[in-house]
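Accompanying notes for the structure given below.
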Amino acid sequence: MPLAIKLILFSLICAIPAGLLSFNLLTDNLGANPVEALEHTTGDWAIYFLLLTLSITPIQQMFAPKWFMPMHLVRRVLGLSALAYALIHLAVYFVFDMSADINETLTDIAERPFILIGMTALLLLIPLGITSTQGWQRRLKRNWQRLHKLVYTITFLGILHYALLVKADLFLPLLYMTLFGILMLMRQFKLPRLR
Amino acid sequence: MKSFKPYRSQFKESQVTPEELFLNRRQFIQGAVAAGLITSPIAALADFNFAPNSNFRPDLKLTDPEHALNYNNFYELGTDKSDPPRYADSLKTDNWQVRVEGLCAKPQTFDMDDLLAFDQEERIYRFRCVEGWSMVVPWIGFPLSKLLDKVEPTSQAKYVEFISILDRENLPGQRFNILDWPYREGLRIDEAMHPLTLMTTGLYGKELQNQNGAPIRLIVPWKYGFKSAKSIVTIRLTDKQPVSSWEQAAPDEYGFYSNVNPNVSHPRWSQAKERPLGSFFKKKTLMFNGYAEDVADLYKGMDLKKYY
């Protein structure tokens, strides 16, 4: 299969949750609070894709699988998917929660730490998306890796944003934080080759 | 996008006449179903004896009962909004009793027949959750003051504490100490005696559903929803301000009063607006949830930022 087709297919797979969400939106199946459903689902998937992005390197080190396309491309599509879900998440918040009012949004960012944190995570993710191409990788040379290590901070902030939002049940944010911790820890050691 | 069908109030001005006040339950249900006023999920539920009280905003557009029955905060049954309807069966309501005790002359235990013997009236109230969503529900019940009158509170009774069901064996949410179970809430005695404060036994013309706090709950329409304790087993008159479960969990976020107030933000989000269930856009939240005329006097001279 040509690489371009593989890229497109993999991107489409990553877009399935968005497709399902759109379908449920159009068929009025998002329940009593459709905006909340849109926000929670897109936020969840942004975090899932960030965690998936972070798990590629340890998987490579431990299992060195035969990837269906070059590993860096798998990681790039996952990272760009995280960005896409985060942008939809922001758009829904801006239009439906903030009535598309810039001033109201700025006030909200200033007053609510969890909004500020989420917004920071997204703003940091945007340059990573823009510079994800090979052209930028060449141009930035060693700085490219330095820049892209921001994804660790971004993932942490993303999960923190979630943790600060919930009322009492911290199970899921703590689970994501634990997974993030494990993925970070794996980067501190030389991982055993298991295969 | 399927258009959202407004659920219209079944009661018109013409129905206020006394002889029409008490409807035979069967006639009422048949009439409502025939008129297409009761939509499928609720129509299947057991019917109920009550009289609509048209003094309570029959003009408000009701929330689709499907939303009110399927989007619930009831942590005893789970923390997700879809958990309470999913695990509704694990709430056992057989032989329910409500003990009313504490600083009163005649402490008593009431079973459901006693409680349903109070005249049941339907009132359409706004309901505003502290999380920023809202609904308009036709509740059925009777003023709490009528129940408290029966036990004759003493002059030392300054507060009323409400305690909900404790059943760790059956209630999935009580297996985790997300809140300090059983759920506890409280009101000042004048708030409890206020005519708007409703002991609630039904909604949308039907008996209260488990996910909504069956068989009997409180509805205090000018306060955030969590003040309206569900599945109540004990009502205690006391001289000390009770500490509610939410107050205990996060005192800086959920105060004893918790009156709906668009001008006092929750520490993590604004309370200026709310999203009615089923709608995409928000609307402005009203002071005391629109009941300022009735209740503002209770808080005269109080700094509502301090007593949130």
Side-chain angles (χ1 to χ4, degrees), chain A residues 21-44 88-89 91-101 103-119 160-175, chain B residues 1-5 41 63-73 75 78-83 85 129-135 173 176-181 183 224-226 245-246 248-250 253-254 265-284:
Chain A
L21 201 56
S22 313
F23 177 78
N24 285 330
L25 176 67
L26 295 172
T27 51
D28 201 5
N29 266 322
L30 291 179
N33 199 337
V35 174
E36 185 187 69
L38 287 171
E39 288 174 342
H40 287 182
T41 312
T42 51
D44 285 346
I88 304 170
H89 183 71
V92 174
Y93 157 81
F94 179 64
V95 173
F96 296 110
D97 274 354
M98 296 294 115
S99 320
D101 182 330
N103 285 328
E104 199 179 326
T105 311
L106 291 176
T107 312
D108 206 42
I109 293 170
E111 285 181 6
R112 329 256 159 252
F114 88 94
I115 298 284
L116 176 66
I117 289 168
M119 203 67 84
L160 184 62
H161 163 71
Y162 179 29
L164 289 175
L165 156 81
V166 300
K167 244 164 65 179
D169 187 359
L170 280 165
F171 177 76
L172 281 176
L174 287 180
L175 174 69
Chain B
M1 183 82 206
K2 199 171 80 187
S3 70
F4 175 72
K5 195 165 45 165
T63 298
D64 186 332
E66 191 150 0
H67 296 332
L69 292 176
N70 290 301
Y71 186 86
N72 310 100
N73 274 326
Y75 279 18
T79 55
D80 196 88
K81 297 282 190 299
S82 60
D83 286 339
C129 177
V130 72
E131 295 168 349
W133 53 269
S134 65
M135 53 185 181
F176 309 96
N177 288 323
I178 284 162
L179 290 170
D180 184 34
W181 308 115
Y183 193 86
Y224 292 120
F226 69 90
S245 294
W246 275 110
Q248 188 183 334
E253 300 197 347
Y254 309 104
S265 291
H266 182 279
R268 289 182 286 158
W269 56 82
S270 165
Q271 295 291 25
K273 292 182 181 178
E274 67 200 44
R275 176 173 289 121
L277 290 188
S279 105
F280 276 83
F281 289 98
K282 293 187 167 184
K283 62 172 192 127
K284 284 203 163 77

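Letters go in sequence order (proteins before strands), and every chain restarts at 1.
Only the backbone of A:Leu165 comes within contact range of chain B, judged by heavy atoms closer than 4.5 Å. Proximity to chain B is limited to the backbone of A:Leu164, based on heavy atoms less than 4.5 angstrom apart. The contact between A:Val166 and chain B is made entirely by backbone atoms, counting heavy-atom distances below 4.5 Å. Neither the backbone nor the side chain of B:Glu253 has a heavy atom closer than 4.5 Å to any heavy atom of chain A. Of the atoms belonging to B:Arg268, heavy atoms from both backbone and side chain fall under 4.5 Å from chain A. Only the side chain of B:Tyr254 comes within less than 4.5 Å of a heavy atom in chain A; its backbone stays farther off. For chain A, the nearby part of B:Ser265 is the side chain; its heavy atoms alone come within less than 4.5 Å. For B:Trp269, the parts lying under 4.5 angstrom from a heavy atom of chain A are both the backbone and the side chain. When heavy atoms are compared at a cutoff of 4.5 Å, B:Asn177 does not approach chain A at all. Using a 4.5 Å cut-off between heavy atoms, A:Asp97 touches chain B through backbone and side chain atoms alike.
More than 12 heavy atoms of other residues, nucleotides or ligands sit less than 6.0 Å from atom CZ of A:Phe114.
Within the model, atoms NZ of B:Lys81 and CD of B:Glu131 stand 3.5 Å from one another, a figure rounded to the nearest 0.5 Å. Atom-to-atom distance recorded for B:Met135:CE and B:Tyr71:OH is 10.5 Å, nearest 0.5 angstrom.
In terms of the ring pair (Phe, Tyr, Trp, His ring centres under 6.0 Å) criterion, A:Phe171 has no residue partners (sequence neighbours excluded).
B:Glu274 has a carboxylate O that lies under 4.0 Å from a charged side-chain N of B:Lys283, or vice versa, which qualifies the two as a salt bridge.
Using a 30° and 60° split on the angle between ring planes, B:Phe280 and A:Phe96 fall in the tilted class, from 30° to 60°.
Counting all heavy atoms, side chain and backbone alike, B:Pro267 lies closest to A:Arg112 at O-NH1, 4.2 Å.
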